[in-house]
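Heads up: the structure comes next, in structure tokens.
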2 protein chains.
Amino acid sequence: MGRSDHRPGSQLPVTPPTLADVAERAGVSRQTVSNAVNNPDLLRPDTLVRVRQTIAELGYSPNRAARNLRTRTSSLIGLRFTPAQEGTANAMMDRFVHSLVEASEEAGYAVLLFPGDDEDPIGGYDNLLRSTAVDAFVVTDTYLGNPQATWLTQQRAPFVAFGRPWDDDVARHVWVDVDGAAGTALATQHLIDRGHSRIAWIGWRKDSPIGEDRRSGWLSTMHANNLPTTGLASRVEDVVHSGAEAAAVLLDESAPTAFVCASDTLAMGVLHTLWIRQLAPGTDIAVVGFDDSQVAQVYPVGLTSVRQPLEDVAVEIVRTLRALLSHQPVESRGVLLTPTLAIRESS
Amino acid sequence: MGRSDHRPGSQLPVTPPTLADVAERAGVSRQTVSNAVNNPDLLRPDTLVRVRQTIAELGYSPNRAARNLRTRTSSLIGLRFTPAQEGTANAMMDRFVHSLVEASEEAGYAVLLFPGDDEDPIGGYDNLLRSTAVDAFVVTDTYLGNPQATWLTQQRAPFVAFGRPWDDDVARHVWVDVDGAAGTALATQHLIDRGHSRIAWIGWRKDSPIGEDRRSGWLSTMHANNLPTTGLASRVEDVVHSGAEAAAVLLDESAPTAFVCASDTLAMGVLHTLWIRQLAPGTDIAVVGFDDSQVAQVYPVGLTSVRQPLEDVAVEIVRTLRALLSHQPVESRGVLLTPTLAIRESS
DNA sequence: CTCGCCCCCTTGATCGATCCAACGAGCGTC
DNA sequence: GACGCTCGTTGGATCGATCAAGGGGGCGAG
């Protein structure tokens with residue numbers, strides 16, 4: 001049965017056909033039709049053909065509500081959807097959500113979005129969970145001391161986090177994350193391979209574990225290559241303006257020939273400073289960003305950027321969810337994926 | 001009953017409490033508990049208080065599947081989620097989806113995402129519809145001869161389109177859209193107010209009705225102000241590169257002092273050409289884009305851009321959906337909203 | 001020829017909330 | 001005091017699919 005078996009000209013009847021309708025028409029019992037859908041192996045081949053034909057004729061699809069009620073599952077995955085911050089280059093949520101939708105669909109799940117509310121971070125989760133509206137959650141905003149993860153664990157609600165629990169002592173849940181340090185290491189090594197030796201770092205303030213992780217990739221790669229790092233690092237707010245200022249200061253004081261940034265937003269700031277100083281990105285000074293956002297791709301001088309493998313993250317998350325939901329033992333508590341480098345004119 | 005009545009320390013029982021559990025504990029019948037939830041007015045005040053207290057004690061939430069089965073509704077709105085095209089500045093989908101999720105939630109709906117498949121454009125819709133998994137759809141990708149809209153209309157499936165049906169003869173469905181012409185008119189008038197008179201247009205190829213609509217806003221405003229337009233318009237592919245080329249040609253041949261573009265992507269191209277020619281955006285040459293994408297906000301020289309009122313679009317869509325679903329007469333077949341102008345350094 | 005077994009299929013019960021028709025108490029009216 | 005009426009409440013039936021048993025026919029073995 002191809003998935004294109006909807007007959008273009010046909011109108012949906014006022015009330016869709018039920019299992020009983022199909023059963024009567026095919027001359028079998030309800031259970032047999034049910035088996036034809038869910039356990040085809042139990043039927044004799046000729047019966048199966050006959051029932052399937054009737055199903056196609058009537059355009060039957062199992063009623064989701066009835067199935068959900070009986071099986072106590074919904075085939076839905078809940079995702080709290082908070083908007084991308086305006087003024088920031090990071091729009092990876094869009095890409096991630098799409099990947100998740102695709103991966104979920106292949107596993108027979110659909111994605112249910114619900115809004116977030118900072119004042120009551122678990123309100124939405126609580127509602128969906130108690131009304132058994134979703135089978136599991138994907139939690140994306142895992143920051144330090146994340147209340148959702150703790151609460152969901154306490155409720156024994158199945159969920160997978162996108163993002164490591166940085167406060168590792170109570171990390172009882174499963175997670176999938178991208179290795180930020182590996183990403184910046186990749187970027188740094190790429191610049192070294194291009195002949196740079198004075199490579200500067202512009203990152204976030206110290207209270208961000210993700211920022212510190214990304215910074216460590218730069219630091220360790222520099223050390224491994226016996227290159228200097230003193231006076232070459234700076235920590236600022238994640239806004240264009242701050243990136244520009246930091247670049248200006250670093251250029252004046254330490255004369256780097258390349259920049260690795262914790263985000264595309266900061267990299268934009270660096271490009272701005274280069275512009276003002278009439279320095280050509282890529283030829284005079286190399287710049288690498290992080291997240292491969294749309295700015296990186298659209299900016300007239302393409303920005304080299306670390307790209308998170310969000311498609312793989314989604315697939316891994318769904319795989320883990322399936323294991324959780326089928327009560328299979330989850331092999332590992334966390335999965336760490338390595339990003340790639342999208343190389344463009346700026347490096 | 002505040003929405004924060006989840007007791008933090010409590011664990012969800014293995015099987016959640018049912019209506020019957022609450023009824024027994026409160027010493028009333030199931031129907032009375034149901035009324036307490038859905039029609040509080042029918043209960044005597046003291047009974048209502050007692051039942052509500054029991055509900056709170058047990059942490060009861062109506063089982064969604066059971067309710068859906070009985071009422072033949074799901075409180076879900078289906079949205080086909082296709083990814084933003086990479087290499088294009090347009091990431092408004094993210095903003096729109098969030099707005100839709102918020103607006104839906106306020107109306108008691110949640111948003112269900114399902115993947116799109118260009119080969120079988122109605123496959124996902126068909127499945128969800130036949131299995132009565134969603135109450136209605138929001139259709140976003142309405143292009144010329146859009147098959148989904150036609151098919152959904154034929155199936156009598158409730159849906160609202162974001163986007164006008166440009167082939168108006170078979171436009172039987174309701175829609176909400178943003179007035180692109182009004183947006184570019186706003187942009188053009190803004191430039192005229194700033195003293196520009198030679199204002200160029202860079203738009204899409206002629207086969208795009210949306211592009212032609214946006215172009216008409218520029219054209220009519222120019223005409224209304226008795227300003228020349230000959231030699232000042234060009235139609236290209238929606239990529240940065242093409243925008244840059246068009247800008248170069250226009251600058252050489254027609255000496256415009258300002259550009260209005262059909263997209264931020266094209267505006268990026270213009271900025272690139274200005275850069276190469278050492279022209280300062282905003283002071284030497286003014287540029288206005290369309291969609292207020294993240295590049296417009298993050299680009300070192302903030303790009304003035306037409307901003308679609310996506311929040312309002314979402315609210316309007318949900319309002320229309322509610323009317324459709326409650327079988328109220330829909331006042332008007334289409335709603336057209338006016339965009340605003342986000343003014344930045346480039347103009 | 002009969003028994004037993006397996007395979008294939010059928011029947012009744014169930015998930016939990018809502019719809020429906022009816023019922024009892026309280027009150028006013030004649 | 002009986003009747004009709006309203007209001008709050010009640011028990012049974014229902015939505016459509018799946019679970020858990022139960023049944024009948026064909027075939028080989030005793």
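Below, read A as the first sequence line, B as the second, and so on, with proteins coming before strands; counting in each chain starts at 1. Owing to the predicted nature of the structure, the values given are computational and were not obtained by experimental measurement.
Contact between B/Pro16 and B/Asp21 at its shortest, heavy atoms only, is O-OD2, 4.4 Å. Closest approach of B/Ala36 and B/Val51 over heavy atoms only: CB-CG1, 3.6 Å. Across all non-hydrogen atoms, the minimal contact from B/Leu79 to B/Val138 is CD1-O, 3.4 Å.
The phosphate of D/dT18 (OP1 or OP2) has a side-chain N or O of A/Ser34 nearer than 4.0 angstrom. For A/Arg72 and C/dG16, the shortest distance from a side-chain N or O to OP1 or OP2 is below 4.0 Å. Distances shorter than 4.0 Å separate some side-chain N or O of A/Thr47 from OP1 or OP2 on C/dC9.
The side chain of B/Arg70 approaches C/dA17 more closely than any other nucleotide in the set C/dA17, C/dT10, C/dG12.
Here B/Val28 lies in heavy-atom contact (under 4.0 Å) with sugar-phosphate atoms only. A/Thr32 comes within 4.0 angstrom of a nucleotide base, judged by non-hydrogen atoms across all strands. Looking at heavy-atom distances under 4.0 Å, A/Asn38 makes contact with sugar-phosphate atoms alone, never a base. In this structure, B/Ser29 reaches the bases: a heavy-atom distance under 4.0 Å links it to at least one base atom across the strands shown.
At a cut-off of 3.5 angstrom, counting only N and O atoms as typed in the model, there is no donor on one side facing an acceptor on the other between the side-chain of B/Arg30 and the base of D/dT10.
Close placement of the A/Phe96 and A/Phe162 rings is indicated, their centers lying within 6.0 Å of each other.
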